[in-house]
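Here the structure is laid out as structure tokens; the discussion comes afterwards.
So you know, we letter chains A, B, ... as the sequences are listed, proteins then strands, and number each from 1. Owing to the predicted nature of the structure, the values given are computational and were not obtained by experimental measurement. Side chains included, hydrogens not; waters and symmetry mates left out as well; all remaining heavy atoms used.
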Number of protein chains: 2
Amino acid sequence: MDKRQELMNHAVHFFSIKGFHQTSVQEIAKAAGISKGAFYKHFDSKEGIFVEILKQYHEDLTRDLNSADFEPGLTNREFFKKKLLLEIERTVMNKEFFLMVFKDFPANDNELMQNLLQELRMAQLVLHKYSLLEVYGDRAKPFIYDLVTVYEGIKKEYYFYLIFENRPINKELLAEFIVASLDAIVSHSEKIQPVLTGFTSTISPLEEAYNQLEEQIKQTSSQREKHLSAFLMLKEEMAKQDAKAFLVEALLDYLKQEESLATELSTLEKFI
Amino acid sequence: MDKRQELMNHAVHFFSIKGFHQTSVQEIAKAAGISKGAFYKHFDSKEGIFVEILKQYHEDLTRDLNSADFEPGLTNREFFKKKLLLEIERTVMNKEFFLMVFKDFPANDNELMQNLLQELRMAQLVLHKYSLLEVYGDRAKPFIYDLVTVYEGIKKEYYFYLIFENRPINKELLAEFIVASLDAIVSHSEKIQPVLTGFTSTISPLEEAYNQLEEQIKQTSSQREKHLSAFLMLKEEMAKQDAKAFLVEALLDYLKQEESLATELSTLEKFI
DNA sequence: GTCTATATTGGGATAGAC
DNA sequence: GTCTATCCCAATATAGAC
């Protein structure tokens, strides 16, 4: 057996149980029957093997989903349900991968990884959007992003039960239940107001950072008015071509005195 | 300001950004303006402060939700929706806590922590179960655990949007949307087969009786702390092989003085 | 490709003075 | 309660022999 593959299999196992940071290279190597030093002949770092696992999984996933062929003559709903069932079965079969992803994740160290994940999530959202529109047509359109959100939320919650609690669940029944729940919501759509309306309008990351900070000041600041004024001046100044560095710094430092704003401020600082 | 509280605030901040394992005791201490050594005068370990944060949050949450007084004359559905709205607002305000929980988690190292988490999850499940039964009555009973799962899944997914993506969402609208979705599912219940049927089998009826009693004490007891202590001792004593009959009886009688616990106590007594 | 040995760092926790 | 100094271990990564 390929030593490289063997290392990856053991790695995903340990990562799923202990998390990335709590797993040592040594125990991965030992499980594969080689020394720690030899590990580095196969992968250049611990993060390296993690990235390789991610890549391989998504390659396998897309290949599987594209090669699956269903019997013809299915209704849109039946087709949707079959695909859901396939996804459920696949997720349960790869439960270690699922656990690994939901455990400790080396994303903060590596910005490339965060972008990759963001892309994958967005791709899934778009996929679900079109699947649901095919099943429910125009009735679902006004609140399609809410429907996608509900769909993903329900699915994820059941995955947690399936995987963490290791409960014996009838997967066929589960797929039917989820689709039936969506049916119910869509058929009540006349009584339902959408929530995620302005979803598609993409705000720039900088705009988003501003919004977050403003919200946080409004919600938690002990000196709401002062902090809001400082924020507005900061935003104005940063928009200028010849922004005064000392003023930006001074306003940032001033706002930092409010502990609850730390997260938003550090996000904002990345744009300077 | 209380140094201990200050340390916890900084800890939750770093944990939410970097994760538990990637945050050092030193940087928490430094942020609070003390040395690493002094940290250990306040908490006995890094895990210790994490546990304290968890406990405090849960206590605050249950206290907030229980002490909130809504205008009288609300229907069960309106009451449920108001509580949900309160929870949404509370979650957004405590977004760092939410992030911390969904980052790297020190659960594997410490068995006590896993038990604590299990307890907190179970308490929430039981709470939701009874809330939903109050709103929807017998129609929800056959698939109540599925309804709870759907409810928690939808909620969680919107929390992700609210917190990670920081989208401006109308929270009032969101609460109404979630409840309306549940309405839709319940009103279609004749077409829906339950999935989580054997659910109760994992929790013993005794465990369930304990949970109900504990919840009831937390929610209604006039002498919360005393009754909780009595409850814990009772549970402990009853678990022993050579449980002292007089002590069990004494504690039961003591708790019976609180009228609101009568139902839960008589359920519990069946197991003696 | 694999080994052993080693450099180096980071960080949890403790000791003992003040 | 707080400090500094220290212990001690675990873990990433490398060096160099075979």
Sugar-phosphate only, base, or nothing, as touched by A:Gly48 at under 4.0 Å among non-hydrogen atoms: nothing
Taking the minimum atom-to-atom distance to the side chain of [X], which one of [options] wins?
X	options	value
A:Ser35	D:dT12, C:dT2, D:dT2	C:dT2
B:Lys41	D:dG1, D:dT12, C:dC3	D:dG1
B:Ile34	D:dA13, D:dT2, C:dT2	D:dT2
B:Ala38	D:dC3, D:dT12, C:dG12	D:dC3

For [X] and [N], what is the distance between atoms [atom1] and [atom2] respectively, to the nearest whole Å?
X	N	atom1	atom2	value
A:Lys18	D:dA10	NZ	P	11 Å
B:Phe43	C:dG11	CZ	P	20 Å
A:Tyr40	D:dA13	OH	P	4 Å
B:Leu7	C:dG12	CG	P	14 Å
A:Glu47	D:dA11	CD	P	17 Å
B:His21	D:dT12	NE2	P	13 Å
A:Lys30	D:dA10	NZ	C1'	14 Å
A:Gln22	C:dG11	CD	P	12 Å

What do the steps show when you test A:Phe160 against A:Phe102 for ring pair (Phe, Tyr, Trp, His ring centres under 6.0 Å), and what is the final call? CA-CA 10 Å; A:Phe160 273 101; A:Phe102 274 87; 5.1 Å; yes
Salt bridge check, B:Glu258 against B:Lys226: does any charged N sit closer than 4.0 Å to a carboxylate O? no
Is it true that B:Lys3 and B:Glu6 make a salt bridge, defined as a side-chain N closer than 4.0 Å to a carboxylate O?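 Looking at B:Glu6 together with B:Lys3, the answer is yes, because their closest N to O distance falls below 4.0 Å.
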So, does A:His42 get its side chain near the phosphate of C:dT2, meaning an N or O under 4.0 Å from OP1 or OP2? yes
Below the 4.0 Å mark, does D:dT12 have OP1 or OP2 next to a side-chain nitrogen or oxygen of A:Lys46?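 The answer is yes; a side-chain N or O of A:Lys46 sits under 4.0 Å from OP1 or OP2.
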Donor + acceptor pair across side chains of B:Gln124, B:Arg121 (<3.5 Å):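 No - no donor-acceptor pair under 3.5 Å links their side chains.
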Are more than 12 heavy atoms, taken from residues, nucleotides or ligands other than B:Met113, located less than 6.0 Å from that residue's CE atom? yes
Record whether the side chain of B:Lys36 comes under 3.5 Å of the base of C:dG12 through a donor-acceptor pair of N or O atoms. yes
